[in-house]
2 protein chains.
Amino acid sequence: MKSLGETIRELREHQELPLRTVAAFLDIDQAILSKIERGQRNASREQIVKLAQFFKVKENDLLVSWLSDKLVYEVADEDVALKALHEAEEKVKYIMAKRK
Amino acid sequence: MKSLGETIRELREHQELPLRTVAAFLDIDQAILSKIERGQRNASREQIVKLAQFFKVKENDLLVSWLSDKLVYEVADEDVALKALHEAEEKVKYIMAKRK
DNA sequence: TGTGTTTTGACATTTTTTGTCAAATTTAGT
DNA sequence: ACTAAATTTGACAAAAAATGTCAAAACACA
């Protein structure tokens with residue numbers, strides 16, 4: 001189960017590209033991309049979309065990785081983390097069912 | 001599956017207390033509590049702890065409700081909401097296992 | 001050592017969050 | 001309908017967090 005950062009670092013290194021190149025495509029400083037890859041900063045949704053485009057991977061795969069990382073961050077350090085995730089799942093199912 | 005807001009509103013109305021009273025205990029304006037109860041504002045963790053204390057309910061129950069609401073909010077509008085929740089669960093399990 | 005890459009941290013700017021306050025609206029009782 | 005209490009709303013201010021830039025430090029390695 002790779003984090004988003006690990007995933008995009010792998011993608012980048014696989015193509016032997018410097019941070020600079022990818023960061024330029026995202027239109028941010030390479031420092032930020034470095035931090036994103038190491039999980040020290042959160043990427044924005046738009047950045048994820050661009051990254052999927054850049055690396056030609058499924059946008060949804062990256063979005064899942066990104067979103068789940070954020071969820072993990074949100075529940076980190078809480079004893080009730082798993083219970084909360086589970087209850088959130090039920091709530092989402094309920095909401096989705098309600099919205100036809 | 002009640003939201004946190006619904007839950008604490010029920011608790012409060014069950015005791016026939018005005019927002020004022022509970023808000024005073026939390027040391028916030030009643031306007032905020034009103035918004036929290038209707039899901040327009042997020043409560044802080046400390047406020048949840050105080051609410052559990054005030055209403056004499058299990059702190060963890062309220063924390064789960066509060067956290068799961070936040071998670072739902074975080075994934076709302078995302079097609080991949082359920083997948084992300086699921087992946088987050090796996091990541092948390094992994095992390096917890098690693099931390100002995 | 002010299003060159004390119006990555007990491008770090010100080011800093012500035014922008015956005016989000018958190019709260020207060022007062023006015024408007026709603027609710028209930030008489 | 002009138003009043004009084006409770007609730008909701010929205011404008012606003014202050015505090016906190018996120019987002020980015022930049023330059024210097026650290027790293028990799030020929």
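Each chain gets a letter, A, B and so on, in the order its sequence line appears, and its residues count up from 1. Because only heavy atoms are used, hydrogens play no part in the values below, and waters and symmetry mates are left out as well, while side chains stay in.
Atom CG in A:Asn42 sits about 14 Å away from atom C1' in D:dG20, given to the nearest Å. With rounding to whole Å, B:Leu26 atom CG is found 14 Å from C:dT18 atom P. Rounded to whole Å, the distance from CG on A:Leu33 to P on C:dT8 is 14 Å. Look at CD1 on A:Ile28: it is 16 Å from C1' on C:dT14, rounded to the nearest Å. Rounded to an integer number of Å, the gap from CD of B:Glu46 to P of C:dT17 is 16 Å. As rounded to whole Å, 10 Å separates atom C1' of D:dA18 from atom OH of A:Tyr73. Across the protein-nucleic acid pair, B:Lys70 atom NZ and C:dT18 atom C1' stand 13 Å apart, rounded to whole Å. Spacing between atom CD of A:Glu16 and atom C1' of C:dT6 amounts to 16 Å, rounded to whole angstrom units.
Residues A:Lys91 and A:Glu87 are paired through a salt bridge, judged by an N-O separation under 4.0 Å between the basic side chain and the carboxylate. Salt bridge status for B:Lys50 with B:Asp27: absent, with no side-chain N to carboxylate O gap under 4.0 Å.
Checked by atom type and distance alone, the side chain of B:Thr7 pairs as donor or acceptor with a backbone atom of B:Ser3 at under 3.5 Å.
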Between protein and nucleic acid, restricted to nucleotides 5-11 of chain D and to nitrogen or oxygen atoms under 3.5 Å apart, what atom pairs and distances do you find?
| from | atom 1 | to | atom 2 | distance (Å) |
| --- | --- | --- | --- | --- |
| D:dA6 | OP1 | B:Arg20 | NH2 | 3.1 |
| D:dA6 | OP2 | B:Arg20 | NH2 | 2.2 |
| D:dT7 | OP1 | B:Arg12 | NH1 | 2.8 |
| D:dT7 | OP2 | B:Leu19 | N | 2.6 |
| D:dT8 | OP1 | B:Arg9 | NH1 | 2.9 |
| D:dT8 | OP2 | B:Arg9 | NH2 | 2.7 |
| D:dT8 | OP2 | B:Ser34 | OG | 2.7 |
| D:dT9 | OP2 | B:Arg38 | NH1 | 2.5 |
| D:dT9 | OP2 | B:Gln40 | NE2 | 3.4 |
| D:dG10 | N7 | B:Lys35 | NZ | 3.3 |
| D:dG10 | O6 | B:Lys35 | NZ | 3.3 |

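Atom CG of B:Asp79 sits in a sparse spot, with 12 or fewer heavy atoms from other residues, nucleotides or ligands closer than 6.0 Å.
No side-chain heavy atom of B:Glu6 sits less than 4.5 Å from a side-chain heavy atom of B:Glu37. In this structure the side chain of B:Lys2 never reaches within 4.5 angstrom of the side chain of B:Ser65, judged on heavy atoms.
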